[in-house]
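See below for the structure under consideration.
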Amino acid sequence: MTVLRSILLFVLAALAEIGGAWLIWQGVREHRGWVWIGAGVVALGAYGFVATLQPDANFGRILAAYGGIFVAGSLAWGMVLDGFRPDRWDVLGASICLIGVAVIMYSPRSA
């Protein structure tokens with residue numbers, strides 16, 4: 001159950017961080033205005049709180065592993081919301097990142 005909780009928290013963190021950055025991008029680059037920018041700032045703040053809910057207490061480990069989730073999630077976000085089509089190198093890179101997440105977060109450790 002701990003692994004499932006951790007994965008769900010990573011997904012929620014990615015939605016908050018990537019979504020927040022995307023909202024700010026839309027507000028500034030696509031001229032959608034301050035409401036979009038403000039919503040993005042709130043979402044980015046929420047990301048910071050979600051990361052603290054991870055069961056592992058090591059900040060460095062959580063953020064390092066989350067980096068891989070961010071990479072894969074960013075590509076997925078672009079596909080769903082912006083019509084981005086990743087090439088094989090994007091997919092390979094994201095796969096390597098996700099393998100890194102699994103190694104960092106879920107490898108057995110001695111006490």
Side-chain angles (χ1 to χ4, degrees):
M1 193 59 154
T2 302
V3 172
L4 179 60
R5 177 176 179 229
S6 174
I7 291 168
L8 291 174
L9 286 169
F10 275 137
V11 170
L12 184 59
L15 289 172
E17 185 181 17
I18 298 164
W22 184 81
L23 286 166
I24 292 171
W25 179 283
Q26 293 298 309
V28 174
R29 301 271 311 236
E30 303 299 326
H31 309 288
R32 294 197 173 169
W34 287 103
V35 171
W36 286 68
I37 295 168
V41 169
V42 170
L44 287 169
Y47 153 74
F49 287 102
V50 171
T52 68
L53 302 175
Q54 281 287 348
D56 191 301
N58 296 293
F59 175 80
R61 181 177 294 144
I62 297 300
L63 240 43
Y66 173 69
I69 302 295
F70 180 83
V71 168
S74 295
L75 292 172
W77 186 281
M79 289 172 59
V80 172
L81 290 169
D82 290 327
F84 173 72
R85 293 289 161 234
D87 63 22
R88 66 181 180 206
W89 302 111
D90 295 322
V91 173
L92 178 61
S95 298
I96 292 168
C97 289
L98 291 175
I99 291 167
V101 171
V103 170
I104 291 169
M105 284 300 295
Y106 309 119
S107 294
R109 290 187 161 74
S110 57

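Values below: all heavy atoms of this structure, side chains included; hydrogens, waters and symmetry mates excluded. Bear in mind that the values here come from a model prediction, so they are computed numbers and not experimental data.
Under the 6.0 Å cut-off for aromatic ring centres, Y66 and Y47 qualify, their centroids lying closer than that.
A donor-acceptor pair under 3.5 Å is absent between the side-chain atoms of S6 and the main chain of T2, judged by distance alone. Checked by atom type and distance alone, the side chain of D82 never pairs as donor or acceptor with a backbone atom of F84 at under 3.5 Å.
Between R5 and L53 there is a side-chain heavy-atom pair separated by less than 4.5 Å. For the pair W36 and W22, the minimum side-chain heavy-atom distance is below 4.5 Å.
Scanning both residues, A43 and G20, for their nearest heavy atoms gives CB-CA, 3.6 Å. Across A65 and I104, no two heavy atoms sit closer than the pair CB-CG2, 3.9 Å. Pairing each heavy atom of L9 with each of Q54, the nearest pair is CB-NE2, 3.5 Å. For the residue pair I24 and I37, the shortest heavy atom distance occurs at CG1-O, 3.7 Å. What you find for C97 and G68 is that their closest heavy atoms are CB-CA, 3.7 Å.
Under a hydrophobic-cluster definition in which Ile, Leu, Val, Met, Phe, Trp and Tyr are linked whenever side-chain heavy atoms come within less than 4.5 Å, directly or via other members, V50 and V42 are assigned to different clusters. Note: the hydrophobic cluster containing F49 does not contain L8 (ILVMFWY, side chain heavy atoms under 4.5 Å, direct or indirect links). With hydrophobic clusters built from ILVMFWY side chains whose heavy atoms lie under 4.5 angstrom apart, L75 does not share a cluster with I18. Linking ILVMFWY residues whenever their side-chain heavy atoms come closer than 4.5 Å, directly or via other members, places I69 and V11 in the same cluster. The cluster map of Ile, Leu, Val, Met, Phe, Trp and Tyr, joined by side-chain heavy atoms under 4.5 Å apart, puts V71 and I7 in different clusters.
For Y106, the OH atom is densely surrounded, since the number of other residues' heavy atoms within 6.0 Å is greater than 12. More than 12 heavy atoms of other residues, nucleotides or ligands shown are found within 6.0 angstrom of CH2 on W77.
S74 contributes atom OG, which lies 7.5 Å from atom CD of E17 (distance to the nearest 0.5 angstrom).
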